[in-house]
Amino acid sequence: PLRWRLRPANPKTWIVASAYLLLAVATLSLLWAADRGVGVRAWFRLIEGVALFFLLATSSVRWLALARAGALAAAVQGVVAVEQFFVQSVPASTALGMAAQSADRLGASVVELSDGRWLRAYGTLPHPNILAGFLAMGILLAAYWYGAPLTPRRASPSRERRVSVKPDRSTLVPPLPRGLPADEVGRGVGGEGGYLDRVLALVCGLIAAVGLVLTFSRTGVAAVALGFLAALLAASRGSARWRLVRFVGWIALVLAATAA
């Protein structure tokens with residue numbers, strides 16, 4: 001009898017098929033869209049997002065470098081969000097494409113509390129919910145950055161040559177640790193997966209978490225929670241999962257303290 005395979009040989013097949021299915025559904029939805037012009041503009045934005053996804057998936061850029069860039073960008077947006085919330089205004093900026101917003105202006109995204117209206121943080125983005133999605137992505141990228149394994153520092157060839165008149169080539173490069181690819185050797189403290197990297201990843205994640213709370217976006221917090229849950233289920237047992245648990249604990253503590 002025939003047996004249907006629920007999982008293809010290559011797990012990336014599911015991702016590619018899902019992207020094509022999303023594009024197909026979005027294209028068909030234009031047929032019954034109430035406003036065809038708005039639908040087409042949203043469809044083009046979706047095309048851009050899928051194209052960016054395939055560009056990153058097929059590029060030779062290391063994922064850890066992308067995680068660093070995303071986490072640092074989220075930290076910058078988090079700092080802007082904190083400043084906007086305490087000042088309770090968003091300055092207009094033509095260069096950044098920001099419109100002026102304030103809590104007493106009609107049309108601004110605010111939250112009604114017992115002590116009055118509070119402006120939600122916009123960052124440099126058009127809406128607080130968009131900022132929340134960006135910060136949620138940055139927090140998850142910071143978790144990936146924080147969980148990168150430590151790698152040893154490569155010995156300095158010039159130092160080896162000063163010690164020995166005729167250096168042995170085998171002494172210039174340390175042996176590869178088990179399970180470590182060759183291009184990952186030589187990243188010490190402050191390099192890829194170093195202790196300084198973990199500190200920076202944690203700081204970026206904490207700043208982004210504070211900014212996420214100030215957007216007052218429940219969907220953004222839920223996205224971070226689901227992302228952490230998926231990462232914990234997918235993480236291997238041992239030190240990798242323990243690092244992720246520590247990161248999640250710090251983020252949860254900051255979220256609770258800021259929300260209080």
Can you check whether W145 reaches C204 side chain to side chain, under 4.5 Å on heavy atoms? yes
Which value, rounded to the nearest 0.5 Å, describes the distance between W43 atom CH2 and E48 atom CD? 10.5 Å
Quick check: closest heavy atoms across M98 and V90, and the distance to 0.1 Å? CE-CG1, 3.6 Å
Got a donor-acceptor contact below 3.5 angstrom from the R198 side chain to the G147 backbone? no
R36 side-chain N/O to L30 backbone N/O, donor-acceptor pair under 3.5 Å: yes
Would a hydrophobic clustering, with Ile, Leu, Val, Met, Phe, Trp and Tyr connected at side-chain separations under 4.5 Å, put I139 with V80? no
d(L64 CG, R62 CZ) to nearest 0.5 Å is 7.5 Å
F54 CZ: over 12 foreign heavy atoms closer than 6.0 Å: yes
Joint hydrophobic cluster, I207 plus V199, side-chain heavy atoms closer than 4.5 Å: yes
Checking Q84 side chain against A81 main chain: does a donor-acceptor pair fall under 3.5 Å? no
Closest approach of A67 to L141 (non-hydrogen atoms, all atoms of both residues): CB-O, 3.6 Å
Where do W242 and R246 land on the side chain to side chain contact (heavy atoms under 4.5 Å, CB included) test, with the steps shown first? CA-CA 6 Å; W242 173 239; R246 283 187 299 180; 3.7 Å; yes
For the OG atom of S89 and the CD atom of Q101, what is their distance to the nearest 0.5 Å? 10.0 Å
For the residue pair L119 and A108, what are the closest heavy atoms and their distance? CD1-CB, 4.0 Å
Using a 4.5 Å cut-off on heavy atoms from C-beta on, say whether the side chain of L72 contacts that of V76. no
Kindly say whether V110 contributes a backbone atom to a donor-acceptor pair with the side chain of R120 at under 3.5 angstrom? no
Please name the pair of heavy atoms, one in V50 and one in A19, separated by the smallest distance, quoted to 0.1 Å. CG1-CB, 4.4 Å
Could you give the distance from CG (L212) to CZ (F134), rounded to the nearest 0.5 Å? 12.5 Å
V213 and L255 have their tightest heavy-atom pair at CG2-CD2, 3.3 Å
Hydrophobic clusters here meaning ILVMFWY residues chained together by side-chain heavy-atom distances under 4.5 Å, can you tell me if V25 and L31 are in one? no
Audit row: L244, L232, side chain to side chain contact (heavy atoms under 4.5 Å, CB included) steps and yes/no: CA-CA 7 Å; L244 184 58; L232 288 172; 3.5 Å; yes
Nearest-0.5 Å distance, CD1 of residue I47 to CG of residue L23: 4.5 Å
Compute whether any side-chain donor of one residue and acceptor of the other, for Q77 and T124, lie under 3.5 angstrom apart. yes
For S93 versus L96, what's the shortest heavy-atom pair and its separation? OG-N, 3.3 Å
Decide side chain to side chain contact (heavy atoms under 4.5 Å, CB included) for Y146 and L200; before the verdict, give the C-alpha distance in whole Å, the side-chain angles of both, and the deciding distance to 0.1 Å. CA-CA 8 Å; Y146 183 84; L200 290 176; over 6 Å; no
Got L206 and I251 here, is their nearest side-chain heavy-atom distance under 4.5 Å? yes
Could you give me the CA-CA distance, side-chain angles and deciding distance for V82 and L214, then say whether side chain to side chain contact (heavy atoms under 4.5 Å, CB included) is met? CA-CA 7 Å; V82 171; L214 299 182; 3.8 Å; yes
Starting at CD of Q88, measure out to CD of E83 and round the result to the nearest 0.5 Å. 11.0 Å
Evaluate the ring planes of W118 and F85, with Trp represented by its six-membered ring, and classify them as parallel (under 30°), tilted (30 to 60°) or perpendicular (over 60°). parallel
Verify the cluster assignment for F86 and L113: are they in a single hydrophobic cluster under the rule of side-chain heavy atoms below 4.5 Å apart? yes
Say whether, by atom type as modelled, one donor and one acceptor occur between the side chain of Y122 and the main chain of A100 under 3.5 angstrom. no
In terms of hydrophobic clustering (I, L, V, M, F, W, Y; side-chain heavy atoms under 4.5 Å; direct or indirect links), are V203 and V79 co-clustered? yes
